[in-house]
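Structure below; questions to follow.
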There are 2 protein chains.
Amino acid sequence: MDIVEINKVLSNQIRIDILNWLKKPEDNFPKQIYVPDFSDGVCVCHIQDKSGLSQSTVSHYLNMMQKVDLLIATRHGKWTYYRRNESEILKYIQTLSNEL
Amino acid sequence: MDIVEINKVLSNQIRIDILNWLKKPEDNFPKQIYVPDFSDGVCVCHIQDKSGLSQSTVSHYLNMMQKVDLLIATRHGKWTYYRRNESEILKYIQTLSNEL
DNA sequence: ATTACATATCGAGATATATAGATATGTTTT
DNA sequence: AAAACATATCTATATATCTCGATATGTAAT
């Protein structure tokens, strides 16, 4: 749990937005086609559409969010799905509460 | 309360350290000479000594921490004292808890 | 096997941050 | 008023981040 690294990741509004959108995928993204529900998260293409950023930028953002364990990635076929890592997010907030 | 701006400020270990040192000034800094206690905080020169950074860098860091309301500055004579803004720090953590 | 597609990675230019030394400002002491 | 001192601001260079288009990789469909 590297607080400084996580804070860098969270120093960007779009990345915070992504974390928020993934709280309620049903409310923020269209139904997915090749998986029955959002239990593994949302595919990159939908997040890209919603963010308005380029494919490479979104992929990069999601990767950095995964590297600090804010997100979990799962691959199904040619799609990669990202979802929140709730326990790490909670741990981050608790660590902040203690260490700030 | 601009979460992104605060996160930028907290994306640096020394700045987090400063926030921590100011939790217990008695434990982290030498006695001050021209004020009776730490109730207005710690003067820039002591924070500079402890951090090992240049005077201009420390002044810049403290200023940016004050701009986002993490710190409060008070001037006494030629010294400027900085202390934690506890209510804003708490508000920041609460906001994060809600918005992440 | 080839094509099509989703995502990841690479390379690059623009912008922001880090950090220092030099200088300016404001205060106190002489 | 001059000197000394603490802090703030300015200027500059090095490094990091942002963001994109181009390319590579992996998977699925034909």
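Note that this is a predicted model, so its numbers are computed, not measured. Chain letters run A, B, ... following the sequence lines, proteins first and then strands; every chain starts at 1. Values below: all heavy atoms of this structure, side chains included; hydrogens, waters and symmetry mates excluded.
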Short side-chain N/O contact from Y82(A) to OP1 or OP2 of dA6(C), under 4.0 Å
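Looking at the OP1 and OP2 atoms of dA6(C), neither is under 4.0 Å from any side-chain N or O of Y82(A).
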
Side chain to side chain donor-acceptor pair (under 3.5 Å) for T57(B) and S54(B)? Distances and angles first, verdict last.
CA-CA 5 Å; T57(B) 300; S54(B) 73; 2.9 Å; yes

Centroid separation under 6.0 Å, is that true for the rings of Y34(A) and H76(A)?
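No, ring centres 6.0 Å or more apart.
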
Would you call E86(A) and R84(A) a salt bridge, using N to O less than 4.0 angstrom?
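Counted as a salt bridge, because a side-chain N and a carboxylate O are separated by less than 4.0 Å.
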
Is there a side-chain contact between K50(A) and N28(A) (heavy atoms, below 4.5 Å)?
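They are in side-chain contact.
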
Interatomic spacing from OG1 in T80(B) to NZ in K78(B) - rounded to 0.5 Å:
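Rounded to the nearest 0.5 Å, the OG1-NZ separation comes out at 12.0 Å.
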
Rounded distance in Å - CG (L62(A)) to C1' (dC18(D)):
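My rounded result for the distance is 15 Å.
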
Side-chain contact, heavy-atom cut-off 4.5 Å: V9(A) with L70(A)?
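A side-chain contact exists here, since the closest heavy-atom pair is under 4.5 Å.
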
Looking at the side chain of S54(A), which of dA20(C), dC20(D), dT9(C) is the nearest nucleotide?
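From the listed options, dC20(D) comes nearest.
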
Mind running a 4.0 Å heavy-atom check of residues 36-50 of chain A against DNA chain C and sending the residues that fall below it, in number order?
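Contacting residues: C43(A), V44(A), C45(A).
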
Using a cut-off of 4.0 Å on non-hydrogen atoms, how would the nucleic acid contact of T57(A) be classed: base, sugar-phosphate, or nothing?
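Base contact - T57(A) has a heavy atom under 4.0 Å of at least one base atom.
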
Rounded to the Å, how far apart are Q32(B) CD and dA6(D) P?
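Distance, rounded to whole Å: 13 Å.
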
Measure NE2/H60(A) against P/dC10(C) and give the value in whole Å, please.
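My rounded result for the distance is 11 Å.
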
From CD (E88(A)) to CE (M1(A)), nearest 0.5 Å
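Nearest 0.5 Å value for the CD-CE distance: 4.0 Å.
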
Under a 4.0 Å heavy-atom criterion, the protein footprint on nucleotides 22-30 of chain C, written with B, S and -, is B----SS--

Quick one: do the Q94(B) and N98(B) side chains pair a donor with an acceptor below 3.5 Å?
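Side-chain D/A pair, Q94(B) to N98(B): absent.
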
Would you mind reading off the distance between Q66(B) atom CD and dT7(D) atom C1', rounded to a whole angstrom?
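Distance, rounded to whole Å: 13 Å.
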
Within this structure, what is the NZ-to-P distance between K67(B) and dA8(D), rounded to whole angstrom?
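About 12 Å, once rounded to whole Å.
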
Side chain to side chain donor-acceptor pair (under 3.5 Å) for S51(B) and D49(B)? Distances and angles first, verdict last.
CA-CA 6 Å; S51(B) 72; D49(B) 286 350; over 6 Å; no

Would you say the side chain of M65(A) lies within less than 4.5 Å of the side chain of I18(A), judging by non-hydrogen atoms?
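Yes, close enough: below the 4.5 Å cut-off.
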
Identify, residue by residue, the members of residues 4-16 of chain B with a heavy atom below 4.0 Å from DNA chain D, and return them in order of residue number, or none.
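DNA chain D contact set from residues 4-16 of chain B: none.
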
Report yes if the side chains of L19(B) and L71(B) come closer than 4.5 Å at any heavy-atom pair, otherwise no.
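Side-chain contact under 4.5 Å: yes.
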
Protein-nucleotide distance (N63(B), atom CG; dA18(C), atom P), rounded to Å:
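Result: 13 Å.
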
